[in-house]
Q: 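This is the structure, below, for whatever I ask next.
All values below come from the heavy atoms of this structure, side chains included, with hydrogens, waters and symmetry mates left out. To find a chain, count down the sequence lines: A is the first, B the second, and so on, and within it residues start at 1.
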Number of protein chains: 2
Amino acid sequence: MSLIPIRPGSPSGTQPERSDAARNRERLLQAARDLVAEHGVDAVTMDMLACRADVGKGTVFRRFGSRAGLMMTLLSDAEAEFQRNFIFGPPPLGPGAPPLERLIAFGEARIRYVEEYGELARAAAEHSPQNRHDAPPVVVWHRHIEMLLREAGLDRDPWLLALSLGATLDPERMLHALHAHRVAPERLAASWRELVTRLLKDC
Amino acid sequence: MSLIPIRPGSPSGTQPERSDAARNRERLLQAARDLVAEHGVDAVTMDMLACRADVGKGTVFRRFGSRAGLMMTLLSDAEAEFQRNFIFGPPPLGPGAPPLERLIAFGEARIRYVEEYGELARAAAEHSPQNRHDAPPVVVWHRHIEMLLREAGLDRDPWLLALSLGATLDPERMLHALHAHRVAPERLAASWRELVTRLLKDC
DNA sequence: ATATTAAGCGGACCGCAGTCCGTTTAGACT
DNA sequence: AGTCTAAACGGACTGCGGTCCGCTTAATAT
């Protein structure tokens with residue numbers, strides 16, 4: 001069982017993939033990575049991608065469903081690794097450390113993630129509150145935070161509290177702080193630590 | 001001095017407005033309100049608005065700059081009243097109450113605001129991190145929260161902490177909780193109260 | 001009244017995401 | 001090899017936000 005649920009773009013459905021489809025998928029992913037590297041996430045258009053991969057536009061959308069879906073696919077490896085780290089990895093991020101320390105480490109890891117993949121993550125969440133808040137990885141983070149809150153003894157609606165904490169770690173918001181306001185990552189991390197430490201005090 | 005800074009759509013610039021421009025502005029605002037009432041915020045397109053107001057499309061964009069700008073204009077009265085309430089209004093929302101109580105009241109007022117104007121607010125923030133996070137009203141809320149945090153004695157980077165709290169009250173997020181997850185407004189308010197109460201304990 | 005001019009106007013136009021549908025083709029079955 | 005069919009393909013098309021630029025007109029000066 002995979003941590004990342006099946007999405008368009010992943011070859012893990014019930015029937016095996018047709019060979020031309022597989023070839024086009026590889027071509028598209030390679031072209032997408034190249035274009036992102038060359039022009040930046042925001043400048044990559046779906047037409048450009050179709051052209052570069054030498055494929056029809058319909059094929060691009062058949063594969064990924066939408067621009068956001070494409071970006072999710074490009075993120076899925078990094079995302080899976082991130083999930084592995086906080087679910088199975090070594091403490092303090094993974095299991096074994098006390099919940100407060102895990103929460104702190106989670107925020108720090110998330111900040112590093114956003115520094116590296118933030119633009120992709122932002123593009124993957126654009127144009128749909130559904131994708132933004134209920135995409136499988138988001139739900140996993142949310143549940144993880146909720147679980148840590150419960151472990152720490154915070155029993156007053158941990159689900160909503162986890163939503164609030166998740167909002168703090170939102171890629172778009174953090175990117176905005178990092179770039180538009182020149183906030184150093186360390187300062188973001190310190191603020192996160194302060195926030196969760198105060199929150200979990202005396203539980 | 002007005003609380004709401006001058007934006008395209010407001011007639012408060014240096015030179016008085018030409019009469020045809022004034023007439024068209026009124027026609028556009030009326031048409032926009034009607035269309036929103038009839039079809040809902042998300043279904044209103046700029047072409048539709050131009051057509052309904054019997055005005056060229058260029059005029060619509062000259063007036064409001066963008067779809068988001070239009071929505072901000074439609075919100076500006078409600079926004080101004082909200083600001084008056086927490087800056088000059090009676091306690092506990094306005095000055096006179098202790099900071100924790102003012103923060104709690106602020107969140108509650110914000111939740112009511114989102115219940116009533118959330119769709120407009122969401123549309124006003126779409127398609128631009130700039131508009132989303134640095135629009136004048138957003139900056140005012142942010143500064144208000146920061147000030148209350150300082151008054152409460154929270155001196156560890158209150159600016160970033162205010163950003164986190166602001167994230168919790170983000171219209172899109174709250175709308176998603178309210179509608180997609182059927183969270184009752186009272187539950188949102190209770191969670192907010194819990195959050196800020198814990199945060200300001202022992203300062 | 002007439003001339004001047006800058007603000008205002010309108011709608012053709014552009015780029016983009018996403019859809020539709022007639023055509024092609026991989027793979028299975030005979 | 002030949003047939004069949006469902007999956008995949010491609011690119012013209014739509015709808016939207018936003019821009020551009022030549023035309024119109026309100027306000028002012030004469």
Q: Among all residues two or more places apart in sequence or in another chain, which pass the salt bridge (charged side-chain N to carboxylate O under 4.0 Å, His left out) test with B:R27?
A: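 Per chain and number, B:R27 pairs via salt bridge (charged side-chain N to carboxylate O under 4.0 Å, His left out) with no residue.
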Q: Within the sub-3.5 Å range, which N or O atoms of nucleotides 21-23 of chain C have a protein N or O partner, and how far apart are they?
A:
none

Q: Quick one: list whatever passes side-chain contact (heavy atoms from CB on, under 4.5 Å) with B:S66, sequence neighbours left out.
A: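 Listed in chain order: B:A68.
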Q: Of all residues at least two apart in sequence or in a different chain, which pass the ring pair (Phe, Tyr, Trp, His ring centres under 6.0 Å) check with A:H133?
A: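 Only B:H176 meet the ring pair (Phe, Tyr, Trp, His ring centres under 6.0 Å) criterion with A:H133.
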Q: Can you sort out which residues in residues 37-51 of chain A have a heavy atom within less than 4.0 Å of DNA chain C? Ascending by number, please.
A: A:T45, A:M46
Q: Testing A:V183, A:T168, A:L169 for side chain to side chain contact (heavy atoms under 4.5 Å, CB included) with A:M174, which one passes?
A: A:L169
Q: Only counting residues at least two apart or in another chain, list the ones meeting ring pair (Phe, Tyr, Trp, His ring centres under 6.0 Å) with A:H142.
A: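 Checked A:H142 against ring pair (Phe, Tyr, Trp, His ring centres under 6.0 Å); matches are A:W159.
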Q: Apply side-chain contact (heavy atoms from CB on, under 4.5 Å) to A:V36 and list each qualifying residue two or more places apart in sequence or on a separate chain.
A: A:V41, A:V44, A:L74
Q: Do any N or O atoms of the protein come closer than 3.5 Å to N or O atoms of nucleotides 9-11 of chain D, and which pairs are they?
A:
unit_1	atom_1	unit_2	atom_2	d
D:dC9	OP1	A:D20	O	3.4
D:dC9	OP1	A:N24	ND2	2.4
D:dC9	OP2	A:R63	NH2	2.9
D:dG10	OP2	A:G56	N	2.9
D:dG10	OP2	A:T59	OG1	2.9
D:dG11	N7	A:G58	N	3.4
D:dG11	O6	A:G58	N	3.3

Q: Taking A:L93's backbone N and O only, do any of them form a donor-acceptor pair with A:R102's side chain (distance below 3.5 Å, no angle check)?
A: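 At least one qualifying donor-acceptor pair exists.
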Q: What residues form a ring pair (Phe, Tyr, Trp, His ring centres under 6.0 Å) with B:F61, not counting sequence neighbours?
A: none
Q: In residues 120-128 of chain B, what residues come within less than 4.0 Å of DNA chain D, judged by heavy atoms?
A: none
Q: Kindly write out the residues that satisfy side-chain contact (heavy atoms from CB on, under 4.5 Å) with B:A78, not counting sequence neighbours, or none if the list is empty.
A: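 Here the qualifying residues are B:Y113, B:Y117.
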Q: Only pairs at least two apart or in different chains count here, so list each side-chain hydrogen bond (donor to acceptor under 3.5 Å, both in side chains) that has a residue in residues 41-50 of chain A.
A: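 Pairs touching residues 41-50 of chain A that pass the test: A:D47-A:K57.
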